[in-house]
Amino acid sequence: MVNADPGRRMPSPAWAARERAMTLDSRFTPGEIEPRLYEGWENAGSFACDPASNATPFTIMIPPPNVTGSLHMGHALTFTIQDTLVRWRRMQGRDALWQPGTDHAGIATQMVVERLLAAEGKDRRDMGREAFLERVWQWKAESGGTITRQLRRLGASLDWPRERFTMDDGLSAAVKETFVKLHSEGLIYRDRRLVNWDPKLQTAISDLEVENREIRGSLWHLRYPIEGEPGQFIIVATTRPETMLGDTAVAVHPDHPVYGALIGKRAILPLVGRSIPIVGDTYADPEKGTGAVKITPAHDFNDFEVGRRHNLPMPSVLDRQAMVTLAEIEDAMTTIPGIADPEFVRSLAGQARFAARAAIVAELERLELLDKIEPHTNQVPHGDRGGVPVEPLLTTQWYCNAGVLAKPAIEAVETGKTVFYPKQWENTFFAWMRDIQPWCISRQLWWGHRIPAWYGPDGTVFVAKDEAGAAAQARVHYGRDEVLVQDEDVLDTWFSSALWPFSTLGWPEQTPEVARYYPGDVLVTGFDIIFFWVARMMMMGLHMMGDVPFRTIYIHGLVRDEKGQKMSKSRGNVIDPLELIDSYGADALRFTICALTGPGRDVKLGAARVQDYRGFVTKLWNAARFCEMNGMRPDAGFDPASVTLPLSRWLLAETNNAIREATAALEAYRFDEYAAAGYRFVWNTFCDWFLEFAKPLFTEGADPAAAAEIRSVGAYVLGQILRLLHPVIPFVTEELWDRFGYGEPCSLIGTAWPSPVAVPGAEQAREELDWVVRLITLVRSVRAEMNVPPSKPSPVLLQGVSAEGLGRVDRWLDAIKRLARASEVSALTGDIPRESAQAGLDDVTIVLPLAGLIDIAVERARLAKERDKLAADAKKTAQKLANADFVSRAPDEVVAENRERLAAAESEIARLQAALMRLG
RNA sequence: GGGCGGUUAGCUCAGCGGUAGAGCGUCUCGUUUACACCGAGAGGGCCGGCGGUUCGAAUCCGUCACCGCCCA
């Protein structure tokens, strides 16, 4: 590119910048410039917030990606939006903080490392807790940089030196502080109740981590003998026959026509031989199954409630691995010939739940206690990580009283302290928050924040930030030092995530950052984690900080493939954003994402779309090359108000318009409209018309003063374009900014967002340019329809043209000739020549004498078609105006508009009619 | 079962009370001071169905159908 003269001295940086700007490469090569520019920004500290500044802060907290994860399309979407907002606000002069960080992702990360260990033939239980955690930290060290590197590739302007990790010391302190406070307030407590137990991961999980899957199974009808009435049975229907070992009742609806009479009697639990009551409970739906249900309080959430209502025992018959355990029913087993056989039941011990199911069903069938099997489809809860059916299990866990914490959060949204975009998501938020259940926060994992609770020898719990604190409490409690054992469990990952908006700022320390950047401005995220994360941040933020964590919640859709299918490994339709960046550049990917991100819509994205929008980036590059070739150079002293040419004034007015559109779109979170406004302005205004109109001025013999003004305006507007588009396509805009020398290298990121400027005579200039544009378009259209080859210019004659029109023609003669392929443009004084084509431009008739080039029949058909179309329109308008109700009730301007439309159509029809007559 | 969203040009989507728009694709023509990742022009739609409100409905209301999510 630039070949430095070997004899020359080493170039100074300023010289190098100027020299670089000499010639833009004919092709834009994102792969070369992106790393250089990103490094430039990062090294210059361009992403850094400034706690000491006077500017209004603008804060976005990154939704922390999994530390060991890698960038997927969903990330690309959410981070592009966030970066666009941050770069825009930063240019507007806000003190922008985009807080980076990653999440330890308890279950997910532990699973990954366990899988690695399994490949080595190891098991974490053999290693012990400490060695295992060491291994996880090692894995984090190895793979933890991937996602942050990838974020850089995307161009994300995060304040990297402030990067946090949910398990680092500061954030761990925040977790402990919060846990201890909530515990002291009674908002965190231990409780023994049913939890969703994931037998694969061997941990409790929260309601949210359970997903229901539709499973085609069976409904087994079992015959339970009525006690004391040989030969009498009550038939219960169940989808889970294996839990029958733990049944402690049979429930029927109190109004059941047949079974209602059995209430108060007892049934004999087959196989086990235990006597269980038949109870009346409205939970039993007379319409479903047989109308009688077996009640297993320890293994079903509904049965648990029934069990509570009727004071039933709640023996567990499945253990933590979902294998049969008999410890809690052993005593009650008796032999009843033909009905119960403890030996058989004992043979089930240690069997997996589905094997036990098969064995139990077979045994019941053998005993003729199986009435029938019906095919049945039902919703089976599965753990969202482990993917196996969840087993409701009676255990003691730590809970957070979400009901209390939810109230202020609901109120904050109701009163508009925090606003959702799009607003409809508020309904989703309210629906869940108003019916929120206690949040199970303990997990039987090793990777995570260990619960800050210690147990004394007698099981007394001491909650404190550290062991010393717990020991002090124990000393008071016991009157002496006792050995304390810390709770083995860790906290749900989302517990620490909930503190993210303030823990990242240094809380519980009273840092300047906490004071300055909390509450944040916008939270950008997908709807899938409104419950997991957004709601919990709202609750914790309000409770711990006394204020909402953010003013606005922008919820975007999901990224899907071109066909609208969810991307998934199993479908094989996953698109890697890094590959798209490699192929088309980060700008192309970012622009595509913005262009396709409508409100409340999923984004269907494939490589083809990114390829399409890469065309826009290339177009901008080429337009800039053209500007450069024609001597457009930034001029710091340029004053937009000083321009005199209509073209300059028109372009500046259009620029104002684009600035207003882009700003309004971003303010409204309309990324699609923002992208569209930039696209239209660059392509359809700047390139298609301004540069084309400017071309004649860059030829020899053109007015040098006019050319100079156009060069200045062009350079100025190109600069405005680079600013306007920088938030979405930061790399190409910064590169052009630097090459042209609009500022120091890597300075566009810190340049002011443009605002409209006063343009004297803008309206007049707009009228003139619009007129010329329409003239050119009409001539082009007629020529194309007449199939006149572009190589054959023709005269353009204007009948009825005013002096003003002639002035315009004179001023734009060269451009009109070029763009409309006109050999001459002049007023027509006499009759319209035979064999001409024509078109109407307001009061002017454009005449193209095309003798020999036009087919009379084609022109006649064209004119007739045009006339008929107008006639149909005119008829509709006339009918409307004939309607007295319309004229009296519609607003005056609408009526006037229709009158004008009718008049215009009629005069155009007359002109077309005359032209047809002339053709004969 | 309850709730939310969607249904507009071949495709992807804007528009959300005043005679239907964009991008891409299609067709025709074309290399003119950047750009064929280009330029010019054209064709293409009873705005899911049915009712209603209104002078006027793609737009508001009701209802149905289909698709997709969420919750039970």
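The chains referred to below are lettered A, B, ... by the order of the sequence lines, with proteins before strands, and numbering in each begins at 1.
- The side chain of A:Y674 places no N or O atom within less than 4.0 Å of a non-bridging phosphate oxygen (OP1 or OP2) of B:rA14.
- Contact annotation: A:R670 reaches the phosphate of B:rG15 (side-chain N/O to OP1 or OP2, under 4.0 Å).
- Under the Watson-Crick or G-U wobble criterion, with both distances below 3.5 Å, B:rA65 is paired with B:rU7.
- Across all strands shown, A:R680 has no heavy atoms under 4.0 Å from either base or sugar-phosphate atoms.
- In this structure, A:V524 and A:Y669 have side chains that are not in contact, with every pair of non-hydrogen atoms separated by 4.5 Å or more.
- If you take CG of A:N787 and P of B:rA42, they are 13 Å apart, rounded to a whole angstrom.
- When atom types are taken as modelled, the side chain of A:R821 and the backbone of A:P790 share a donor-acceptor pair closer than 3.5 angstrom.
- Ion pairing between a basic and an acidic side chain is recognised when a charged N comes within 4.0 Å of a carboxylate O; A:E908 and A:R867 show no such pairing.
- Residue A:F686 forms a ring pair (Phe, Tyr, Trp, His ring centres under 6.0 Å) with just one option from A:F690, A:W689, A:W683, and that option is A:F690.
- Spacing of C1' atoms, B:rC47 relative to B:rC13, comes out at 13 Å, to the nearest Å.
- The shortest distance between the side-chain N/O atoms of A:R609 and the OP1/OP2 oxygens of B:rC11 is not below 4.0 Å.
- Contact between the side-chain N/O atoms of A:W683 and the OP1/OP2 oxygens of B:rG39 is found at a separation under 4.0 Å.
- Contact check, A:S888 against B:rC55: no side-chain N or O comes under 4.0 Å of OP1 or OP2.
- If you check every strand for non-hydrogen atoms under 4.0 Å, A:R862 touches nothing.
- Within 4.0 Å (heavy atoms only), A:C627 reaches no atom of the nucleic acid at all.
- A:R614 comes within contact range of at least one nucleobase, with a heavy-atom separation under 4.0 Å.
- For A:N622, counting side-chain heavy atoms from C-beta on, the closest listed nucleotide (B:rG18, B:rU33, B:rC35) is B:rC35.
- For the C1' atoms, the distance linking B:rU12 with B:rG25 amounts to 11 Å, nearest Å.
- Nearest nucleotide to the side chain of A:N883, out of B:rC55, B:rU32, B:rG41: B:rC55.
- Heavy atoms of other residues, nucleotides or ligands lying less than 6.0 angstrom from CG of A:D892 number 12 at most.
- A:N622 and A:R625 are linked by a side-chain donor-acceptor pair at a separation below 3.5 angstrom, with hydrogens and angles left out of the test.
- Contacts of A:A431 with the nucleic acid, taken as non-hydrogen atoms under 4.0 Å apart, are absent.
- Of the candidates B:rU19, B:rC24, B:rA34, B:rC24 carries the atom nearest the A:Y679 side chain, counting heavy atoms from C-beta on.
- Base pairing of B:rC47 is not made with any nucleotide, judged by Watson-Crick or G-U wobble geometry with both donor-acceptor distances under 3.5 Å.
- In this structure, A:N898 atom CG and B:rU19 atom P are separated by 8 Å, rounded to whole Å.
- Remark: C1' of B:rG3 and CH2 of A:W425 are 11 Å apart, rounded to the nearest angstrom.
- One interatomic measurement links the two molecules: CD1 of A:I721 to P of B:rC35, which rounds to 18 Å at whole-angstrom precision.
- Going from atom CG of A:D612 over to atom P of B:rC37 covers 12 Å, rounded to whole Å.
- Look at A:K604 and you'll find a side-chain N or O under 4.0 angstrom from OP1 or OP2 of B:rC13.
- If you measure from atom CG of A:N684 to atom P of B:rC38, you get 13 Å, rounded to the nearest angstrom.
- In terms of modelled atom types and a separation under 3.5 Å, the side chain of A:Y742 and the main chain of A:A715 share a donor-acceptor contact.
- Distance from the side chain of A:D688 is smallest to B:rA40 among B:rA40, B:rU33, B:rG30.
- B:rG3 atom P lies 12 Å from atom CG of A:N427, rounded to whole Å.
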*Reading nucleotides 66-72 of chain B from the 5' end, what letters show protein touch, with B for base, S for backbone sugar-phosphate only, - for no heavy atom under 4.0 Å?*
-------
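- Nucleic acid contact class of A:R821 (heavy atoms, under 4.0 Å, all strands): base.
- Judged by distance alone, with hydrogens and angles left aside, the side-chain atoms of A:R780 form a donor-acceptor pair with the main-chain N or O of A:L819 at under 3.5 Å.
- Base pairing analysis places B:rG41 opposite B:rC27; the two distances defining the Watson-Crick or G-U wobble pair are each below 3.5 Å.
- One interatomic measurement links the two molecules: CG of A:D672 to P of B:rU12, which rounds to 17 Å at whole-angstrom precision.
- Nucleotide B:rU19 is matched to nothing when pairs are restricted to Watson-Crick or G-U wobble geometry with both distances under 3.5 angstrom.
- A distance of about 14 Å separates the P atoms of B:rA9 and B:rG44, rounded to the whole Å.
- Side-chain contact check for A:E209 and A:S206: at least one donor-acceptor pair (N or O, by modelled atom type) lies under 3.5 Å.
- Looking at residues 865-878 of chain A, you'll see A:K865, A:K876, A:T877 sit with a heavy atom under 4.0 Å from some atom of RNA chain B.
- Across all strands shown, B:rU33 forms no Watson-Crick or G-U wobble pair with both distances under 3.5 Å.
- Using a 4.5 Å cut-off on side-chain heavy atoms (C-beta onward), A:H299 and A:D303 make no contact.
- Counting distance only, with no hydrogens placed and no angle test, the side-chain atoms of A:K619 and the base atoms of B:rC35 include a donor-acceptor pair under 3.5 Å.
- Among the protein residues, A:S791 comes within range of no part of the nucleic acid, since none of its heavy atoms lies under 4.0 Å from any strand.
- Residue contacts for A:F616: at a heavy-atom cut-off of 4.0 Å it reaches no nucleic acid atom on any strand shown.
- Under a cutoff of 6.0 Å and an axis angle of 45°, A:R27 and A:W621 do not form a cation-pi pair.
- To the nearest 0.5 Å, the span separating CD on A:E709 from CG on A:D703 amounts to 9.5 Å.
- Contacts of A:E893 with the nucleic acid, taken as non-hydrogen atoms under 4.0 Å apart, are absent.
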